[in-house]
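Position 1 is the first residue of the sequence; numbering continues from there.
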Amino acid sequence: MLVKFRAALAGVLYCLRTQINMVIHLTAMVAVIGAGWYFQVQPWEWVALTIAITLVLAAEAFNTAVEVTVNLYTGKYHPLARIAKDVAAGAVLITALGAVAVAYFIFGPRLGL
């Protein structure tokens, strides 16, 4: 079990080392957590924020896995490889937009928006 945990941790660290978007998402996560503490959000709001953050980080990790797998499969340009990468990146965009919506609903009224 420890071996599998180490492998998973290695995957997370790989994402952090190689994917600037993962660093950006983690920076946003820290900002959201700080805002949550500052505004003293309710427990149900923490749940919504946690789910949104987790989905974005997981989507970014899956996107990285797809990109690495596609690159392993083919070193040359292929339209289907491009589609696979674009769809995976689109999934990250969808989750990020959803997270922005959650943040807007929670923090918007507190900011007068």
Side-chain angles (χ1 to χ4, degrees):
M1 181 155 172
L2 185 59
V3 171
K4 291 183 181 197
F5 180 78
R6 285 184 183 162
L9 184 59
V12 171
L13 293 175
Y14 176 84
C15 286
L16 287 171
R17 281 192 321 269
T18 64
Q19 305 301 310
I20 187 65
N21 287 340
M22 182 63 90
V23 175
I24 291 168
H25 294 312
L26 283 174
T27 302
M29 176 190 77
V30 170
V32 167
I33 290 170
W37 280 332
Y38 178 79
F39 289 111
Q40 299 177 354
V41 298
Q42 299 298 311
W44 72 267
E45 293 170 315
W46 279 119
V47 170
L49 291 170
T50 300
I51 291 169
I53 290 167
T54 302
L55 287 173
V56 171
L57 296 178
E60 187 63 48
F62 284 127
N63 180 47
T64 300
V66 168
E67 287 181 355
V68 169
T69 302
V70 168
N71 291 343
L72 176 65
Y73 178 74
T74 179
K76 298 184 222 175
Y77 174 81
H78 191 284
L80 292 177
R82 171 62 25 217
I83 290 169
K85 289 181 174 187
D86 289 350
V87 171
V92 177
L93 178 62
I94 290 167
T95 59
L97 291 174
V100 168
V102 169
Y104 176 79
F105 293 134
I106 291 172
F107 297 118
R110 291 171 168 92
L111 296 170
L113 301 176

Legend entry - Heavy-atom pair with the smallest gap, counting every atom of V68 and Y14: CG2-OH, 3.8 Å
Inset, instruction - Without swapping roles, check the side chain of T74 against the backbone of V70 for a donor-acceptor pair under 3.5 Å. - result: no
Inset, instruction - With the side chain counted from C-beta on, respond yes when N63 and E60 share a heavy-atom pair under 4.5 Å apart, and no when they do not. - result: yes
Legend entry - Point-to-point distance, once rounded to the nearest 0.5 Å, from CG of L111 to OH of Y104: 10.0 Å
Legend entry - Side-chain heavy-atom pair F62, V92 within 4.5 angstrom cut-off: no
Inset, instruction - Verify, without hydrogens or angle tests, whether N71 (side chain) and E67 (backbone) share a donor-acceptor contact under 3.5 angstrom. - result: yes
Inset, instruction - First locate atom CG of L57, then atom CG of N21, and finally report the distance between them rounded to the nearest 0.5 Å. - result: 11.5 Å
Legend entry - Closest non-hydrogen atom pair, T95 against V56: O-CG2, 3.4 Å
Inset, instruction - Using the rule that two of Ile, Leu, Val, Met, Phe, Trp, Tyr join whenever any of their side-chain heavy atoms come within less than 4.5 Å, decide whether L93 and I20 are in one cluster. - result: no
Inset, instruction - Answer with yes or no whether the hydrophobic clustering places I106 together with I33; edges join I, L, V, M, F, W, Y residues whose side-chain heavy atoms lie under 4.5 Å apart. - result: yes
Inset, instruction - Start with the C-alpha gap between T27 and I24, add the side-chain angles, then the distance that decides, and say whether side chain to side chain contact (heavy atoms under 4.5 Å, CB included) holds. - result: CA-CA 5 Å; T27 302; I24 291 168; 5.6 Å; no
Inset, instruction - Decide whether L9 and M29 are clustered together by the hydrophobic rule: side chain heavy atoms of Ile, Leu, Val, Met, Phe, Trp, Tyr closer than 4.5 Å, transitively. - result: yes
Inset, instruction - For F39, look at atom CZ and say whether over 12 heavy atoms of other residues, nucleotides or ligands are found less than 6.0 Å away. - result: yes
Inset, instruction - Could you tell me which non-hydrogen atom of F107 sits nearest to which non-hydrogen atom of V41, and how far apart they are? - result: CE2-CG1, 3.8 Å
Inset, instruction - Might you work through the side chain to side chain contact (heavy atoms under 4.5 Å, CB included) test for L16 and L13, ending with a clear yes or no? - result: CA-CA 5 Å; L16 287 171; L13 293 175; 4.3 Å; yes
Inset, instruction - Look up atom CD1 in I51 and atom CH2 in W46, then write down how far apart they are to the nearest 0.5 Å. - result: 13.5 Å
Inset, instruction - Report yes or no: do L26 and W37 belong to one cluster of Ile/Leu/Val/Met/Phe/Trp/Tyr joined by side chain heavy-atom distances under 4.5 Å? - result: yes
Legend entry - Transitive ILVMFWY side-chain link L72 to Y77, under 4.5 Å: no
Inset, instruction - State whether the number of non-hydrogen atoms from other residues, nucleotides or ligands found under 6.0 Å of Y38 atom OH is greater than 12. - result: no
Inset, instruction - Taking the side chain as every heavy atom from C-beta outward, state whether M22 and T64 have any pair of such atoms under 4.5 Å apart. - result: no
